[in-house]
Amino acid sequence: MLDIKFIRENSDKIKEVCEKKGIELDIDYLLSLDKKRRDLIKKSEGLRFQQKKLGKEERKKAKDIKDDFKKIKTELKKIEEEYEKLMLLVPNVYSDDTPIGPDESGNKEIYRWGKVPKFDFPIKDHIQLGKDLDLIDFEKGVKVSGFRGYFLKNEAVLLQLGLIMHAILKMSAKGFKLMITPTLLKEFTLIGSGHFPVGKEDIYQVANPGKLADGNFIKEPLFLTGTAETPLLAYFSGTTFKESDLPIKVCGFSPCYRSEIGSYGKDTKGLYRLHEFVKVEHIVFCKNDNKESDQWLEKMKLNSQEILEDLGLPYRVIQICSGDMGAGKRKMYDVETWMPSRNSYGETHSASNMTDWQSRRLNIKYKDSKGEIKYVHALNDTVVAMPRILIPILECYQRKDGKIDVPKVLQKYLGFKKIPSSDVRI
RNA sequence: GGAGGAGUCGGAUAAUGGUAUUCCAGCGGCUUGCUAAGCCGUGGCGAUUUGUCGCUUGUGGGUUCGAAUCCCACCUCCUCCGCCA
């Protein structure tokens with residue numbers, strides 16, 4: 001959400017942002033609602049003032065005012081509902097260096113690391129490797145969980161747990177507070193992170209939200225989050241920090257659920273696009289300053305890159321263009337990792353500067369040195385998302401003999417250097 | 001699964017239908033000086049013609065000239081019994 005004053009004063013800019021982000025929104029209508037809203041607030045407050053004054057003196061006259069007041073109040077409520085609905089749709093202004101483009105074709109590669117592996121034998125994809133080495137079972141996954149279901153088995157389990165440990169310990173050493181977050185979330189959290197109202201169809205809603213201690217059903221719907229970003233942000237909703245508390249740095253681990261309704265028929269095979277996965281995510285709150293939050297975005301992006309360099313996986317960094325970034329974002333990078341079976345890079349990380357677009361929705365503020373209350377800037381980025389990252393690991397580290405080397409950085413967590421490892425077989 | 005309570009500023013607390021009290025903490029200022037003390041100011045949100053005005057007692061409604069107080073729904077917490085990874 002943006003400041004309505006900012007929208008009033010920069011309506012042409014906002015209209016341009018809507019156009020370049022591919023968002024259809026009638027800003028003039030929003031501004032007309034805003035005008036009506038303020039008129040009605042003035043009227044209703046004036047009546048309330050008189051009513052309160054008269055209430056003490058003359059009760060009959062106060063009663064007459066009450067009817068007018070009620071009428072205005074009803075009208076105001078209607079306008080405000082419409083106004084608030086639109087305010088949630090107003091996109092954030094993208095940074096000056098964001099490429100302008102209609103969709104992913106406008107994204108820009110800005111960095112490349114690592115040597116793409118060359119194989120002198122016919123390679124297998126991770127699906128084949130997973131089957132041959134008994135690491136992934138898609139057939140049983142679909143049988144038990146349905147489309148896009150999967151089981152990880154044996155060394156793949158340890159690989160995933162090792163990756164989590166590596167990521168968590170690394171972020172902890174960098175001064176991030178650690179959390180394991182809930183994934184069953186109330187609606188306000190998803191409005192807060194910006195996944196609602198647009199994008200609602202990608203979030204699962206729980207049909208039976210459960211019972212309370214007193215035996216009654218919970219009436220408020222619950223949703224399964226698609227990322228730990230949402231609960232991490234909502235953890236701090238309603239908080240006013242001291243400026244000296246900033247930056248707030250938190251690293252969260254959670255399962256993630258995505259219906260992928262907009263992606264039917266896309267990436268239907270393998271570990272790439274799944275309904276449920278797990279992810280280590282990190283967020284930062286900093287001062288309300290574009291320069292500072294953009295610097296944090298660079299630092300966070302480097303954390304993602306560092307993980308891939310630890311794993312020895314070749315990657316590239318993409319700067320996302322206006323038309324491919326979400327409504328709430330000011331600036332966004334994807335990091336893509338080399339996936340031999342695709343013969344290309346595939347997205348494994350995503351870093352975004354949301355500025356105060358989320359913190360306004362969630363009411364996350366700080367008192368600056370002058371005593372002024374401001375909204376924090378919020379950023380989020382992947383540390384490691386699994387099992388998608390197993391695709392490049394399994395495929396890049398495969399050997400001619402059909403075995404797979406374990407990336408060196410993970411060996412201490414797994415206790416073996418190659419897959420299969422007799423150590424974990426029963 | 002059963003029974004009963006409770007939600008007032010960061011913490012504590014008063015107000016049983018008459019317009020939210022007091023204390024502590026924090027922050028700002030002042031005074032006195034000796035290991036600190038005292039005094040004054042200070043919640044948040046919104047509108048504004050910058051004078052102010054409105055809202056804010058968990059949330060949303062209702063009754064009323066007037067609601068923290070009465071009614072309805074929701075959210076949350078606590079106590080006791082039972083069950084449970």
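Below, read A as the first sequence line, B as the second, and so on, with proteins coming before strands; counting in each chain starts at 1. Scope of the values below: all heavy atoms of this structure, side chains included, with no hydrogens, waters or symmetry mates.
Side-chain to base pairing of A/Glu45 with B/rG46: one donor and one acceptor N or O lie within less than 3.5 Å of each other.
Judged by distance alone, the side chains of A/Asp381 and A/Ser304 do bring a donor and an acceptor atom under 3.5 Å apart. Remark: the A/Arg361 side chain and the A/Gln358 side chain contain no N/O donor-acceptor pair separated by less than 3.5 Å. Side chains of A/Thr227 and A/Lys279: a donor-acceptor N/O pair is present below 3.5 angstrom, by distance only. One side chain, A/Ser341 or A/Glu395, offers a donor N or O that lies under 3.5 Å from an acceptor on the other. Side chains of A/Glu336 and A/Tyr315: a donor-acceptor N/O pair is absent below 3.5 angstrom, by distance only.
Regarding contacts with the backbone of B/rC55, a side-chain N or O of A/Arg48 is found under 4.0 angstrom from either OP1 or OP2. Within the structure, a side-chain polar atom (N or O) of A/Arg37 is placed less than 4.0 Å from OP1 or OP2 of B/rA47.
Within residues 65-72 of chain A, the residues having any heavy atom closer than 4.0 Å to RNA chain B are, in order of number, A/Lys66, A/Lys70. If you check residues 362-372 of chain A against RNA chain B, the residues with a heavy atom closer than 4.0 Å are A/Lys365, listed by number.
For B/rU57, there is no paired nucleotide, since no Watson-Crick or G-U wobble pair has both relevant distances below 3.5 Å. Figure legend. B/rA20 is base-paired to no nucleotide; pairs are counted as Watson-Crick or G-U wobble with both atom distances under 3.5 Å. The partner of B/rG38 is B/rC30, by the rule that a Watson-Crick or G-U pair needs both atom distances under 3.5 Å. With a 3.5 Å ceiling on both atom-pair distances, B/rA14 lacks any Watson-Crick or G-U wobble partner. Pairing of B/rA3, defined by two Watson-Crick or G-U wobble distances under 3.5 Å, is identified with B/rU79.
Of the residues near RNA chain B, A/Tyr375 and A/Lys77, the one whose nearest nucleotide (by heavy atom distance) lies more toward the 5' end is A/Tyr375.
Residue-level contact check: A/Lys186 touches the backbone only, with heavy atoms under 4.0 Å from sugar-phosphate atoms and none from bases.
Aromatic ring pairs are classed by plane angle as parallel below 30°, tilted from 30° to 60° and perpendicular above 60°; the pair A/Phe241 and A/Phe285 is tilted.
Using modelled atom types, no side-chain atom of A/Arg388 and backbone atom of A/Phe277 make a donor-acceptor pair closer than 3.5 Å.
The distance between the ring centers of A/Phe223 and A/Tyr204 does not fall below 6.0 angstrom.
Atom OH of residue A/Tyr257 and atom CD of residue A/Glu276 lie 5.0 Å apart, to the nearest 0.5 angstrom.
Going from the C1' atom of B/rC53 to that of B/rU19 covers 15 Å, rounded to whole Å. Spacing between B/rC70 and B/rC24 at atom C1', rounded to whole Å, works out to 33 Å. For the P atoms, the distance linking B/rA6 with B/rU56 amounts to 23 Å, nearest Å. B/rU35 and B/rU22: their C1' atoms are spaced 31 Å apart (whole Å). Distance noted for atom C1' between B/rU59 and B/rU8: 15 Å (whole Å). With P as the reference atom, B/rG44 and B/rG33 are 35 Å apart, rounded to whole Å. Nucleotides B/rC23 and B/rG38 place their P atoms 13 Å apart, quoted to the nearest Å. Comparing B/rG61 with B/rC55, their P atoms sit 14 Å apart, to the nearest whole Å.
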message: Evaluate A/His166 against A/Asp310 for side-chain hydrogen bond (donor to acceptor under 3.5 Å, both in side chains), listing each step before the verdict.
response: CA-CA 10 Å; A/His166 176 67; A/Asp310 290 346; 2.9 Å; yes

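Glycosidic conformation at B/rG62 (O4'-C1'-N9-C4 for purines, O4'-C1'-N1-C2 for pyrimidines): anti, more than 90° from 0.
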